[in-house]
Structure formats: C-alpha cells, structure tokens
Peer 1: 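Dumping the structure here so I can ask a few things about it.
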Amino acid sequence: MDYFIELLFSGLTRGSIYALIALGYTMVYGIIGLINFAHGEIYMIGAFTAFIVATVLSIYGFPLLAIVIIAGLAAVVWASSYGYTVEKIAYKPLRHAPRLSPLISAIGMSIFLQNYVLLSQTSDFLPFPALIPDFAFMEPVAHIVGSTDLAILVTTVVVMLILTLLIKFSKLGKAMRATSQDRTMATLVGINVNRVISATFIVGSSLAAIGGLLIASHIGQINFYIGFLAGIKAFTAAVLGGIGSIPGAVLGSLILGLTESFATGYVTSDYEDVFAFTLLVLILIFKPSGLLGKAANQKV
Amino acid sequence: MKYTLRGKLVASAACVFVALSAPALSLAEDTIRFGVAGAHSGDLASYGLPSVNAAKLVIDKVNANGGINGKKVELLVEDDVCKPEVATNTATKLVSDKVDVVLGHICSGATIAAMPIYKDAGVLVMSPSATSDELTYSGNYPNFFRTIAPNAAQSPAMVDFAIDKLGLTKIAIIHDKGDYGKPLAEGAKAHVEKGGKGEVVLFEGITPGAMDYGAIVNKIKQSGAEVVVYGGYHPEASKIVTQMKKRRMDLKFVSDDGVKDDTFIKVAGEAAEGVYAAGPQDNSKNPMALAAKEEHKKAFGSDPGAFFEGAYAATVAMLNAIEKAGSTDLAALTKVLRTEKVATPVGGISFDEKGDAIGVGFSMYVVEKGNYVVAQ
C-alpha cells in the first residue's frame, strides 16, 4: 500500500509541473490558435532567473523565506517579460499570416532562446539551491512523501484556484473568454484584443516560471535544455485533455504524470514514454478533440 | 646575365632537393621508426600531447644508452585532431614513411578509422587512451594493443566492489538506455549472475533528461536493493541520488567513469557524499610512475597531462618487444607482448589474446568532503 501511495505522489508531483506548463500552451491556443513552442523555454528561463536571484541573495545571507519570495517574484516577472516580448516580436506581426508561419516562428523562437541561454550562461548543469526546506512535520512520512512533493502539490492547487477565480470572475478573465470564443466579435464590443493576448502570454509565462522554480528545487539542478522535454510532455498533456480547455490541461497533465509513474512502478521504466504516448493515441482515436475539448467548431 | 641567373636557380633548387631528402636518407635501415599519432592540436590536444612527451622522454633515454639492438630510435609525430576522417590520412602518412610501430591514436573513433590501414601494412599499434570495446573485443584488429582498460572492464569492477568490498548482495542495476550506459549495465548483470554471490533485484532503463526520477526511486526502494549500480552519465545520476536522499533512502550508489566527474559533486552537493564511481586505475603509488613524472617535470617544466603514464608504458612495452624480438616483424612483436611481462608506470603488464593489458584496470573512487578519493 505504501508503494502505491509513493507512486501516486510521484505521479501527482510530475503531473502538477506538467499542468503548470500545459496551461500556458492551452490558454494561448484557446485565444489565438497558436501552438507556442517557445513555451518550454519560458519555463527554463523562469528556473534560471530563480537560480541566479536565489544564489545572489543567499550570498548576502537573506532568510530562506525571503529568498523564496523574491526569487519566485523575479522568476515570474522576468519570464513573463520574455513571454510578452516573444509574442510582440515573433507572433503579432504574423497574426494574419497563414497558420504555418507563426508555428515556424515559434519553433525558431524556441531554438533561439535555448541557444541564447546556452551562450549567455553555460552548457553545464548547475546546482539549484534547495529553496524548499525539509519540513519538520513531514519527517515521520519523509520516506513516503518528500517535503518538496507536498510543496509542489500545495502550490499548484493554490495557483489553479487563483487562475480559476481570475478567469471566472475578473474583467480580464471575461475578456479572455470572449476573445477565445470570437476574436472579431470581441473587438466589436470594445475589448482591446491585443492587450488580452498579451495578458494571456503573461499569465501563461508566470505559471511556467512557477513550475520551473518548483521542479528545479525538487531535483536540485538545471541546465539550458530542461525546457525542451518538459515542453513536449506538457504539450502532450494539453492535447490529451483537449487543447484550448483549461480544466482539460490540468486533467491531461495529471493523467499523464500518473500513467508515467504507475507504468514505471508496476511495469517497467524502459517503456515509460511508450505507455504515455500509447495512452495519448488511444484517447485521440476515441475522442479526437481530447478528454474535455469541445468538438472542433469551424471558425471562419 | 640570364644564363647565370638560371644557373643559380638550378643550383638552389638542387640544394633544396638535397636538403629535403636529407631526412629520408637518414631513414635508412639503421633506425627504428617510432610513430606517434593522436590529437596534437585542436580542443582535444591536451589528451594527445602528453603521449608525445612520454615517447620523447623514453626514446631520448634509450638513444642515450646506445639505442635498441644497435639501432637508434627515431620519432615521427603526426596529428589527427581526434577526427576519424583526418586519422586515415595520418595513418597513411605514417605507413608511407615506413613506421615500425605506432603509439596512438588517442580517441577511440579516430583509432577505429585508422586501424585498417595499419593492419594492411602490418604495423603494431598501441594506444594509451582508446577505450572502445570494439577495438579489442571484435577481434578485427590483431595488431592493436592498449595500456588502458576497455569500457567493458568497468562492469566487473563495479560489481566486485559492491559485493566483495561493500558486502552488499541485493543489487539494483539502473542504466540510461544509451550506448555507454546500457552495455555497462548488461555487463554488470551478467557478471552478478555468473559470480553467483549476488542477486539482481531490479534491472531498469531510465529516460535521460526526464523531469524527475521519483517513480524509479520508489521502485528501487520497493525492490529491497542494498546497492544501486548505475550505468550512465552524471546528470541523471545526480538527480537519482538527490531524490534518494530526499526520500531518506540509505543505499550505496556505485557508478562508472561517466559519473566520476567533478560536475557530479558540484550538482549533487551533499547527496554526492559516499557515492562510489569507477575511474582509471590509480598509479600514484607506483615508483615508476613517480619517476616518469619527475622526468617530465625536469624536461618540460610542468606536470604531465592525461594518459601520460599509459603512453609512457606503451612506449616502454613496444621498445621492449622490439628488443626481445630482435626485429620489428608484427608476429614476433605480438608474441613477445603476450608472453613477456614488462615493468611500466601502470604496473607490470603483459597483454592478453585480445590486446588488452593484463594488470591494468579500474580503481574505485568515493566522494569524500566534496572530492573523489581512492576508495579503500
């Protein structure tokens, strides 16, 4: 039974991080119909920013809580400014171009950002400071669930709640939903669509940055390449749940994380990815729009 | 005027011709031509240049004592920049210069590319650094020898250390599914099963670069293993040991040369403490190695670099074989190398049927206070 719980938690931990990244994919897709392949790199930049800020602050001897908050804020601000700028530079000029153009532009941005961090920072693996301490109250169960696993789960749940409130009840959230339903009509009723799109990129990037910070302090290392595989997996999770659907992205991520964990635990880790992608194929065969995706209504 | 100028031109051309052919003339039958090939420029030069220095030191000493069987030894150095496509040219150049034996090449890929050329020419080749299993295990290169242990020798070293030294018999073998890690893990598994003293309780491959290894760490714990034997590189190893420590798992972690890297210690931090890794044999207590180091310091004013001891050993072994065999004929040399034990900086060595040095292996190192030290 312990074993089952252990696998459950490692699956949920991974799923939570997938979810934080997948939301960025799904929100951007919902609003402008673009798969933002540079999103994995935004997550990596968030982790790097947190790394740099946390390292500098710990040299000056700040208390851990202050370091976590300042590094977290810095990661969010820095990553969102990257997300915002990428949209302005690489996607906005192509908004009325054929669908393939912004897609290629996104792949280009992804490669550019990866190499930019590689050149300006390092190709080496870097030790990420343990921003999440070992809680004393977790010690009796530390052999089953680690403190970082718990912190990741709690943070993800809180962030999801805030996001839900934002989208359901705030003015910005309403504007986002309107834009995603019909961009032209939203413009006609006086919504500043450009601003809504920018806001979407900022929110998505912030979530990814939080994910980057959490996973980096969980595994204790980063390098410039971490965004690639994480981005691909999160994108898969978004498609699994139905791309464009926010609850779908969360559900898809958790299913993907749990599948990987249980497949490793009860079958074999050699085929971890095979199980994950077989599941994706099966779901898409029977439900082409994903678990919670709406059947594609033709937008004209 | 015109004619005199032409006469001068002819004369100087003749001079140049004579000057160019001078080394060729001195290459007559009375010398032993000793080739050194490897990366001597480019970003991997630091691996190749120590072997040139080693050969120089040994050969100068031999020549000062009157040479071998009355012949002086002559050094021919050729650069392959560690690139297979250059290495074939390097080999062709050395063979057309009629080398008798070659010390090199340095990189496995370049060595494999160059070997067919030496094989056709019947030239003995000995590398201080090429560790690819293919070079000796495939049986394709009967003229190849080396003074470094092949990659595959790490598996028995890791397993024997875990079972005999640490006394742990329940072994989880994990690998990264790659060209380097997987054969090591398979070798380790075979060695455990052959030895019969231990038991493989888990054998799994992990995806390199995955976000985390929480699930596999759970599985290791569930398997009841006392020790993890890992085949792969340090980025994954550091994630695994970090996560094992987080889960309060008190397992020994034994790994390979790919983990014996200071980056591993830097990244894994405290979790790296007590991790064992295989690495090239420690020769720091061998008096010949110390003497060779001193010679190098005296001649070049600096500490020798990577593979210096192996290159010194290879030079000594090859010259010894030429002396004992009384010729540079490949069959005669091979026979001496296989039968005669010779004292070198890497220990007293002879060579097995495949061409690997007997008595050269891997040592186990352990992380202590942020540094790899030889494990006792």
Side-chain angles (χ1 to χ4, degrees), chain A residues 2-14 17-18 21 124-130 132 134 139 141-149 152 211 215-216 218-223 225-226 228-230 233-234 257-258 260-274 276, chain B residues 172-178 181-182 185-186 202-224 230 232-251 258-259 261-272 370:
Chain A
D2 273 5
Y3 187 45
F4 178 83
I5 296 171
E6 285 169 20
L7 290 175
L8 181 73
F9 271 98
S10 52
L12 287 176
T13 305
R14 218 186 233 208
I17 303 295
Y18 287 160
I21 309 171
D124 249 351
F125 280 83
L126 296 167
F128 197 90
I132 307 169
D134 285 338
E139 206 50 44
V141 289
H143 60 288
I144 298 174
V145 185
S147 301
T148 43
D149 294 275
I152 287 174
I215 193 69
H218 180 51
I219 58 170
Q221 59 171 271
I222 52 168
N223 86 334
Y225 202 58
I226 55 169
F228 177 73
L229 203 66
K233 284 288 180 64
L258 289 171
E260 287 179 345
S261 181
F262 284 121
T264 299
Y266 288 116
V267 194
T268 167
S269 70
D270 295 70
Y271 296 100
E272 179 188 73
D273 288 349
V274 176
Chain B
I173 299 175
I174 309 293
H175 62 87
D176 68 355
K177 300 194 272 194
K182 195 175 179 188
E186 283 167 347
L202 183 68
F203 184 84
E204 293 258 338
I206 56 167
T207 308
M211 194 180 261
D212 71 309
Y213 294 115
I216 191 72
V217 165
N218 290 335
K219 200 167 186 182
I220 293 170
K221 193 178 156 206
Q222 181 72 8
S223 73
Y230 178 73
Y233 296 102
H234 64 83
E236 285 72 35
S238 58
K239 277 189 206 175
I240 294 174
V241 295
T242 306
Q243 291 202 275
M244 283 189 356
K245 185 166 193 287
K246 282 225 163 104
R247 302 294 303 282
R248 308 287 182 268
M249 286 159 66
D250 191 23
L251 269 71
V259 172
D261 186 309
D262 287 341
T263 315
F264 170 74
I265 301 176
K266 197 180 85 184
V267 171
E270 268 180 42

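Here is the naming used below: chain letters follow the sequence lines, and residue numbers restart at 1 for every chain.
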Peer 1: Using non-hydrogen atoms only, which part of A:Thr13 is less than 4.5 Å away from chain B: side chain, backbone, both, or neither?
Peer 2: neither

Peer 1: Please report the interatomic distance CD1(B:Ile220) to OG(A:Ser269), rounded to the nearest 0.5 Å.
Peer 2: 9.0 Å

Peer 1: Given heavy-atom pairs under 4.5 angstrom as the criterion, report whether the side chain, backbone, both or neither of A:Asn223 touches chain B.
Peer 2: neither

Peer 1: Could you list the residues that satisfy side-chain hydrogen bond (donor to acceptor under 3.5 Å, both in side chains) with A:Asp2, not counting sequence neighbours?
Peer 2: none

Peer 1: With chain A, which of B:His175, B:Lys239, B:Gln222 has the greatest number of heavy-atom pairs at distances under 4.5 Å?
Peer 2: B:Gln222

Peer 1: Distance check, rounded to the nearest 0.5 Å: A:Ile144 atom CD1 versus B:Arg248 atom CZ?
Peer 2: 12.5 Å

Peer 1: What option among A:Pro127, A:Ala230, A:Ala130, A:Gly265 has the most heavy-atom pairs under 4.5 Å with chain B?
Peer 2: A:Pro127

Peer 1: Pick one of side chain, backbone, both or neither for B:Glu204, based on which atoms fall under 4.5 Å of a heavy atom in chain A.
Peer 2: both

Peer 1: Working to the nearest 0.5 Å, report the span between CD1 of B:Ile206 and OG1 of A:Thr268.
Peer 2: 11.5 Å

Peer 1: Do B:Lys221 side-chain atoms and A:His143 backbone N/O form a donor-acceptor pair below 3.5 Å?
Peer 2: yes

Peer 1: Working to the nearest 0.5 Å, report the span between OH of A:Tyr271 and NZ of B:Lys177.
Peer 2: 8.5 Å

Peer 1: Strictly less than 4.5 Å between heavy atoms, which residues of residues 264-272 of chain B line up against chain A? Please order them by number.
Peer 2: B:Lys266, B:Val267

Peer 1: Chain B heavy atoms under 4.5 Å from A:Ile219: which part of the residue, side chain, backbone, both or neither?
Peer 2: both

Peer 1: Which distance, rounded to the nearest 0.5 Å, do you find between the NZ of B:Lys219 and the OG of A:Ser261?
Peer 2: 10.5 Å

Peer 1: Report which part of A:Val267 has an atom under 4.5 Å of a heavy atom belonging to chain B: side chain, backbone, both, or neither.
Peer 2: backbone

Peer 1: Which answer fits B:Ser238, side chain, backbone, both or neither, if we ask what part of it has an atom under 4.5 Å from a heavy atom of chain A?
Peer 2: both

Peer 1: Which heavy atom of B:Asn218 sits nearest to which heavy atom of A:Tyr3, and what is that distance?
Peer 2: O-CE1, 3.6 Å

Peer 1: Are there more than 12 heavy atoms of other residues, nucleotides or ligands under 6.0 Å from atom CZ of A:Phe125?
Peer 2: yes

Peer 1: What are the two closest heavy atoms between A:Leu229 and B:Pro208, and how far apart are they?
Peer 2: CD2-O, 4.4 Å

Peer 1: Quick one: list whatever passes ring pair (Phe, Tyr, Trp, His ring centres under 6.0 Å) with A:His218, sequence neighbours left out.
Peer 2: none

Peer 1: Which pairs count as salt bridge (charged side-chain N to carboxylate O under 4.0 Å, His left out) when at least one residue sits in residues 263-272 of chain A, sequence neighbours excluded?
Peer 2: A:Arg14-A:Glu272

Peer 1: Check whether A:Leu7 gets within reach of chain B through its side chain, its backbone, both or neither, counting any heavy atom under 4.5 Å.
Peer 2: both

Peer 1: Would you give the length of the straight line joining atom OG1 of B:Thr207 to atom CD of A:Glu260, rounded to the nearest 0.5 angstrom?
Peer 2: 8.0 Å

Peer 1: So for atom CZ, which belongs to A:Phe228, do other residues, nucleotides or ligands contribute more than 12 heavy atoms lying within a distance under 6.0 Å?
Peer 2: no

